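Please read the structure below before turning to the comments.
None of these values were measured; they are calculated from a predicted model.
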Amino acid sequence: MHLQYFAATRENPMTEHKTLYAAYAATVEKALLALQTEGVLPADCSFANVAVEPPRDASHGDLATNAAMVLAKQAKTNPRALAESIAEKLDAEPSITSAEIAGPGFINLRLDPAAWLGELAAISDMGEGYGRSTMGEGRTVNVEYVSANPTGPMHMGHCRGAVVGDALASLLEFAGHKVTREYYINDAGGQVDTLARSAHLRYREALGEDIGDIPEGYYPGDYLKPIGEYLARELGDKYKEEPEEEWLPYFRAEAVEQMMALIKSDLALLGIHHDIFASEAALHAAGKPDEAEAWLRAHDLVYDGVLEAPKGKAPPDDWEPVELPLFRSTKFGDDQDRPIRKSDGKWTYFGADLAYHMQKAADADELIDIWGADHAGTVKRIKAAVAALSEGQGNPIPFDVKLVQMVQLMRGGEPVKMSKRSGNFITIADMIEEVGKDVVRFTMLTRKPEAQMEFDFAKVVEASKDNPVFYVQYAHARVKSTLRKAAEAGFAASAEDLAQLGEEEIALIRNAAQFPRIVESAAKAREAHRIAFYLYDLAAELHAFWNLGNDNPQKRFIVEQDAALTGARLFLADAIGQVIRNGLGVLGVDAVDSL
RNA sequence: GACCCCGUAGCUCAGUUGGAUAGAGCAUCAGAUUCCUAAUCUGAGGGCCGCGCGUUCGAAUCGCGCCGGGGUCACCA
């Protein structure tokens, strides 16, 4: 009945303000409701697809709505006829100076300039809160991201997913969700046994033994040396010659803890902090996978069956059919049913993972996973399992897996060579040391995550307009610099004479006023990169306005002989700076005061 | 072979709950510097939105089928 658009009320609980797009969306809704009362629109018609947006071409006016086109079919009339009725109602609004019908049935609205000046004041009043939304209605969203195996420092392969996940989490928070940032520690599989053995090797090394080259099947990186030294200090030679079963659990626990400390410090360099670090081993210990299996078996979603040979290529030499507990993922479009336990009775990754998702679902209204694209093949089975379990247990939960594509590292147009074999790869710490946190974060958000991207060290540090990070930061620095200069000359931002502002300034306000709706549409689409592109546009508009002053001193922010105009322009500059700051804040990028 | 992602200007990319004449940056060409930061800006040219069919008032956007590029196809994690 009510506009979906309005479920997302823009009212800020801290102030009386409603942002401009929200206010006029409400105005349009009011007109539609009136037409419903008059019988022009049917009582049961849905306004869900009605939008109030900026028109594509600024010459069409200030705002446009597609209401007539969306509702014509339901009203059993043609769009232009319905548009007449709607436009008539809107034209009666005092702040709407004209409502014109255009094209297939758009209604273009022109506003009294005071409406835009009012929005400018709202930006200033709401400050850091400008753009925040209550759209999420406090619903809890669990965003799981990074979840790198605790077997070494974070490297480039983890970076994009980390930034994308973190920015998405912030965006959802900004849009009114309660967000839990979660990291799943895979501390129960074979790879952490390998880690423990590798640590034991370094332990022996630290005790003076010549271990020679690191053998195949061990982690070779030097980052394990300090762990070996630490264990040697703590334990002496107690476990030097002992059989593996004597020391493995202890070494594993110690090594995982040290690796997680390393990973957390790497994440901190990126400005990333998780709320929950969930342990797979603890999940096993709590018997969660057993519970899930029991339920799935009772509902015939797990059965004992023979696993098919891998498809599309010759089966491995040692392939032999074996009976395992299989989840019926083929019922959900997967190629084959997937094992939840191995032949030795231990849980597969998938078996534990489905139980893990049920654990997350217990404390959240919605789940989002951020995964690397190399795991794309396992999306169907986990979505199937979560759907089966959550719906079957009476707690259906929206669950989305976002795949993040690979990043190709470049340096001056040439691919950067990395050798994982020797443990020689580019870590996140290396990268941040070279180009800085802000550059890494912003650059990772200048492409949609599901498209592959290149990251060129030479280009991203370039301080020019070709580099979006600097372009946006420069716009903010420019605002700050102007305010500093103005203060020295005895001017200050003032809302007293906003009516002095002309068409060019209002164009800038129009752009800034879009921030709240960009936030909502980005949050709805779960796409933080839209904020980055928006900020680039806003920065471009600010630079363009600035440069009007090159030719015409009367168009500068500071006009010495006109204090009223200067006060109003500074007020505008301050507000634009605020919006840029708010947007960068969502992305986790610092807004610098000078470059 | 199957599944997932991508295909938009010479290049790098935005733009999908279906909307008006498809947008930026780079590169190319023509301009702006006694100026609050020119680390910038103004303007011009440049497009069968990979191809075909369909859905409808309307498709870059949705569906089906192709073509091209990348990824994945363990009892691994």
Side-chain angles (χ1 to χ4, degrees), chain A residues 4 48-49 51 53 55-57 60 64 66 69-70 72-73 78-80 102-106 108 147 149 151 186 188-192 280 307 309-313 315-316 319 322 324 333-336 338-344 346-353 372-380 403-406 446-454 459 462-468 470-471 473-475 477-478 481-486 488-489 521 524-525 529-530 532-534 536-537 540 543-553 556-560 566 573 594-595:
Chain A
Q4 182 180 346
N49 291 327
E53 298 169 320
R56 180 167 299 241
D57 188 331
H60 291 150
N66 61 355
M69 290 180 292
V70 171
K73 195 171 279 178
N78 72 69
R80 292 197 63 109
F106 285 98
N108 292 325
S147 299
N149 285 338
T151 57
N186 300 132
Q191 83 286 358
V192 284
E280 183 186 356
L307 190 64
K311 292 185 176 171
K313 57 182 182 185
W319 174 263
V322 57
L324 293 168
D334 205 353
D335 292 347
Q336 54 181 279
R338 304 292 175 174
I340 61 169
R341 286 179 191 265
K342 307 182 214 174
S343 49
D344 64 4
K346 288 183 182 167
W347 296 103
T348 61
Y349 182 86
F350 172 60
D353 204 27
D374 51 343
H375 291 81
T378 65
V379 172
K380 272 187 183 164
L403 292 177
V404 174
Q405 288 288 336
M406 304 287 128
T446 53
R447 278 208 72 168
K448 55 187 173 191
E450 64 270 24
Q452 291 164 254
M453 82 180 295
E454 289 182 3
K459 282 186 190 161
E462 202 174 295
S464 75
K465 64 173 176 175
D466 305 353
N467 184 346
F470 280 84
Y471 191 79
Q473 286 192 320
Y474 181 44
R478 206 163 220 184
S481 146
T482 302
L483 293 171
R484 280 194 302 270
K485 298 254 177 190
E488 285 166 22
S521 63
K524 202 167 171 182
H529 73 276
R530 294 194 194 187
F533 282 95
Y534 166 74
Y536 185 84
D537 282 345
H543 290 310
F545 179 75
W546 174 280
N547 279 276
L548 293 175
N550 283 338
D551 297 328
N552 183 352
R556 293 181 193 165
F557 281 100
I558 301 169
V559 182
E560 295 279 350
T566 299
S594 61
L595 288 177

Check: A:L324 and A:R341 side chains under 4.5 Å, non-hydrogen atoms
no

Is there aromatic stacking of A:H375 on B:rA77 here, judged by a ring-centre distance under 5.5 Å and a plane angle under 30°?
yes

Tell me whether the side-chain N/O atoms of A:R447 come closer than 4.0 Å to OP1 or OP2 in B:rG15.
no

What's the gap between B:rA24 and B:rA9 when it is taken at their C1' atoms, as a whole Å value?
11 Å

Base, sugar-phosphate, or nothing for A:K346, non-hydrogen atoms under 4.0 angstrom?
nothing

Please determine if a side-chain N or O atom of A:S481 lies less than 4.0 Å away from the OP1 or OP2 oxygen of B:rU37.
yes

Between B:rC75, B:rG15, B:rA77, which nucleotide gets closest to the side-chain atoms of A:Q191?
B:rA77

Length of the line joining A:N149:CG and B:rA77:C1', which is rounded to integer Å:
5 Å

Based on Watson-Crick and G-U pairs with both distances under 3.5 Å, what dot-bracket line describes RNA chain B 5' to 3', crossing pairs as [ ] and inter-strand pairs as |?
(((((((..((((.....[...)))).(((((.......))))).....(((((..]....))))))))))))....

Any donor-acceptor pair under 3.5 Å linking the side chain of A:R338 with the backbone of A:F350?
no

What residues form a ring pair (Phe, Tyr, Trp, His ring centres under 6.0 Å) with A:Y349, not counting sequence neighbours?
none

Nucleotide nearest A:N547 (side chain, heavy atoms from C-beta), chosen from B:rA20, B:rU40, B:rC76
B:rU40

Regarding the side chain of A:N49, the nearest nucleotide among B:rA20, B:rU17, B:rC76 is B:rU17

Starting from C1' on B:rG69, measure out to CD on A:E450 and report it in whole angstrom.
16 Å

Can you tell me how far P of B:rU72 sits from CD of A:Q336, to the nearest Å?
17 Å

Is the phosphate of B:rC41 approached by A:Y471 (side-chain N or O, under 4.0 Å from OP1 or OP2)?
yes

Using whole Å, what does the distance between atom P of nucleotide B:rC73 and atom CG of A:D374 come to?
8 Å

Using atom C1' of each nucleotide, how far apart are B:rA27 and B:rC57 to the nearest Å?
41 Å

A:R530 versus A:Y534, side-chain donor and acceptor atoms under 3.5 Å
no

Report the distance from atom NE2 of A:H543 to atom C1' of B:rA24, rounded to the nearest whole Å.
14 Å

Given B:rA77, B:rC75, B:rA20, which nucleotide is nearest the side-chain atoms of A:N186?
B:rA77

Examine the base of B:rA77 for any acceptor or donor lying under 3.5 Å from a partner atom in the side chain of A:D353, and report the outcome as yes or no.
no

Inter-nucleotide C1' distance (B:rU56, B:rU61), Å rounded:
14 Å

A:R478 side chain N/O closer than 4.0 Å to the phosphate oxygens (OP1, OP2) of B:rC41?
no

